[in-house]
There are 2 protein chains.
Amino acid sequence: MHSEIDVVKRISIKDVALKAGVSIASVSYVLNNKIDSRIGKDTIEKVKKAAEELNYRPNNVAKSLKTQRTHIIGLIVADIANPYFSQIARIIEDEANKIGYTLLIGSSDENAEKFESLINMFCDRQADGLIIAPVENTKACLQKLQKQKMPFVLIDRHFPEIEADTIQINNYDISYKVTEHLINNSYKNIHLVAYKTHLEHLLQRTQGFKDALKKQTSEKNNILNINKDDIDQDINSGFEDLFKNSKIKPDAVFFTSNKLAVSGLKKLMKLGLNIPQDVAIVAFDETEAYELFATPLTFVRQPLAAIGTTAVEILHNKITNQLAPLQHIVLNAELHIDQSSQPKIN
Amino acid sequence: MHSEIDVVKRISIKDVALKAGVSIASVSYVLNNKIDSRIGKDTIEKVKKAAEELNYRPNNVAKSLKTQRTHIIGLIVADIANPYFSQIARIIEDEANKIGYTLLIGSSDENAEKFESLINMFCDRQADGLIIAPVENTKACLQKLQKQKMPFVLIDRHFPEIEADTIQINNYDISYKVTEHLINNSYKNIHLVAYKTHLEHLLQRTQGFKDALKKQTSEKNNILNINKDDIDQDINSGFEDLFKNSKIKPDAVFFTSNKLAVSGLKKLMKLGLNIPQDVAIVAFDETEAYELFATPLTFVRQPLAAIGTTAVEILHNKITNQLAPLQHIVLNAELHIDQSSQPKIN
DNA sequence: AAGTTTTGCTTAAACGTTTAACTTAATTAT
DNA sequence: ATAATTAAGTTAAACGTTTAAGCAAAACTT
């Protein structure tokens, strides 16, 4: 019955050096296999054996302090519980791991203050670079980042005034295409459900819709702008108006995000409307939820994998070469057509 | 036209000390407001002003190296893209931030090797503690963690053989209750869709079902065990058998996870079955997808918020007091009853 | 055989903090 | 007036690494 030592000292490079009977420098050289520094074969063996036996694991905190590299990439998404972002996060995590980086994820909840505190957190933790889906009113914050020479790349969203690496989709074009698709399928009273926002990428979606619609004569207010903080409520009242109180009812609805689509579809179900007989639907983004909807949905599919991988690629580039030229990648979303927007029959 | 210095040196405590005209120790004392060490009012002012003007931000890497605390909590989930885990992650992140911790999230994909490498990553990064939803065949890995005195708490899942802090739900009871509910509503041929697994919490769900069913006479094989890597495929063939080829068809199905439920519901839609007329449904977990299903679903709702907050609480406890007694928290899931399991009418 | 190069390894400084121990000056006690 | 105490600050070591520079011995040159 012997008393145990309670505090387990973590094995450091020092312990390995001691056990192997060499200097700590040698251990470091061997374990990082810096073959340029000339270490003898038997020393290499001794060190490896000692490290193995002691179950040595390097202390990344110390390593980072010395090398000024944490090998941490920060990711700021608007909402990690939104499948769009959680899918991207997953892809980015994999991709980052592949090249030896750890991903630190933060969720801003579309809140500029939380966003800024996340940025600060990442800076304080000395992240090597950031992948950011910025929220409204964060231009100043991004500019501060640039002054500090923190490498970052914007995904999903961007600010035209800010000169930064960006990865976006063809928001305007795909939105134009969706609207055209509905027009071609003989829908006459097409409505858009969008966010009340200043975010450029969403404005582009709206603009694409508007421009495509100019082809038609109808020139009413056929855009429903939703407050992101009251989605269900705004959609409820908006759809009540449109489908119960209005004289000429929409025969097609295009939702510009998955959250809007899910909320809208719920309401349409409650209103007892049939898709696409009563109203055609096109949704944005892909989410598991669509699969349980009675009518297979037409939706815009974003190239999530490509967004994630190029984000990591460009950021990595930026990290290793500060003066890499700016890149503005535009990836094409694709229109997946299904029953919910099939040609109108009447 | 003057040439700019390209490399922005980050402001360190040293710069602040220089600017304020005091020693770096004083700066440290002021900025961490260690009032016990006596610093004069004017010095405090000078330091704060200098730090402010220089826009000083502490280097957490250096701080961690010295204090041996990273204020990082690691979270390992099975799949961050699964809403069950992404919701929990969100809650845990908030909760961790509240008490000054940063959350580092890893997704193991139910893969023991990836799990182990995540554990190693967290250890190497000197996380202060871990919140873990372990996967199969990781007992040894957890035991290693214990030897290293890394504080951790298990959520969702646990191993009976491992003495650790755990947070689980009343898997057996809730499953028993679900089954009882279906029996009470006159369903006679109730089937369970579960995973082919050794994970204790899932076995408990199955056992609860079995035991509740003993009340009934029927003693056939009414459990469909699904391989987690071929969910859609296994459910497809399983349901084909049950609903097309078998003589006496199920009149109720209980799914033991959200992924099984979503996959199963998709198949039932394809088979053209009506819920609950043709077959009653109870699902597990809550997910947005359920809301778009034609019939409002009866499901088991896990107390996600409570799981997250208690996980952080217990872990924090463990971190600050290594010898805090072990805790085994069992939280109650609740049965949300809706149309999909309404009393059978015939 | 003397000089040069190569090989193999060690020494020591540095990264940016924290904090115990120390110093010095001012204040209080005797 | 001197000793003891307190207040306000500084010095320096340490955390666990990396890596430039140094050094001695061995191996080559000539």
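Keep in mind it's a predicted model, so treat the numbers as computed, not measured. In what follows, chains carry the letters A, B, and so on, assigned in the order in which the sequence lines appear, proteins first and then strands, with residues in each chain numbered from 1.
Taking the side chain as every heavy atom from C-beta outward, C123(B) and L145(B) approach each other to under 4.5 Å.
For L65(A) and dG16(C), the CG to C1' distance is 6 Å, given to the nearest whole Å. Atom pair N60(A):CG and dT17(D):C1' shows a separation of 10 Å (rounding to whole Å applied). Nucleotide dT6(C) holds its C1' atom 14 Å from the CD1 atom of I39(A), rounded to whole Å. At whole-Å resolution of the value, CD in Q68(A) and P in dT17(C) are 10 Å apart. Following rounding to the nearest Å, N33(A) (CG) and dT19(D) (P) show an atom-to-atom distance of 13 Å. The distance between atom CD1 of I44(B) and atom C1' of dA8(D), rounded to the nearest whole Å, is 11 Å. A straight line from NE2 of H71(B) to P of dT17(C) spans 16 Å, rounded to a whole angstrom. In this structure, CG of D15(A) is placed 13 Å from C1' of dT17(D), rounded to the nearest angstrom.
Just one of T102(B), T70(B), T320(B) meets the side-chain hydrogen bond (donor to acceptor under 3.5 Å, both in side chains) condition when paired with D128(B); it is T70(B).
An OP1 or OP2 oxygen of dG9(D) is reached within less than 4.0 angstrom by a side-chain nitrogen or oxygen of T43(B). Under 4.0 angstrom from either OP1 or OP2 of dT10(D) there lies at least one side-chain N or O belonging to S23(B).
Among the heavy atoms of the strands, none lies under 4.0 Å from S64(B). At a threshold of 4.0 angstrom between heavy atoms, the contacts of V61(A) with the nucleic acid are absent.
The side chain of A62(A) approaches dT17(D) more closely than any other nucleotide in the set dC9(C), dC15(C), dT17(D).
R157(A) has a carboxylate O that lies under 4.0 Å from a charged side-chain N of E110(A), or vice versa, which qualifies the two as a salt bridge. Between R90(A) and D109(B), at least one side-chain N (NZ, or NE/NH1/NH2) sits under 4.0 Å from a carboxylate O, which counts as a salt bridge. A salt bridge links E95(A) with K98(A); the closest basic N to acidic carboxylate O contact falls under 4.0 Å. Look at K48(A) and E45(A) and you find no salt bridge, because none of the NZ, NE, NH1 or NH2 atoms lies under 4.0 Å from a carboxylate O.
Around CD of E163(A), the count of heavy atoms belonging to other residues, nucleotides or ligands within 6.0 Å does not exceed 12.
Place N59(A) and D42(B) on DNA chain D by their nearest nucleotides, and D42(B) ends up nearer the 5' end.
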Exercise. Quick one, give me the B/S/- string for nucleotides 18-23 of chain C, reading 5' to 3', where B means a protein heavy atom under 4.0 Å from the base and S means that only happens at the primed atoms, P, OP1 or OP2.
Key: BBB---
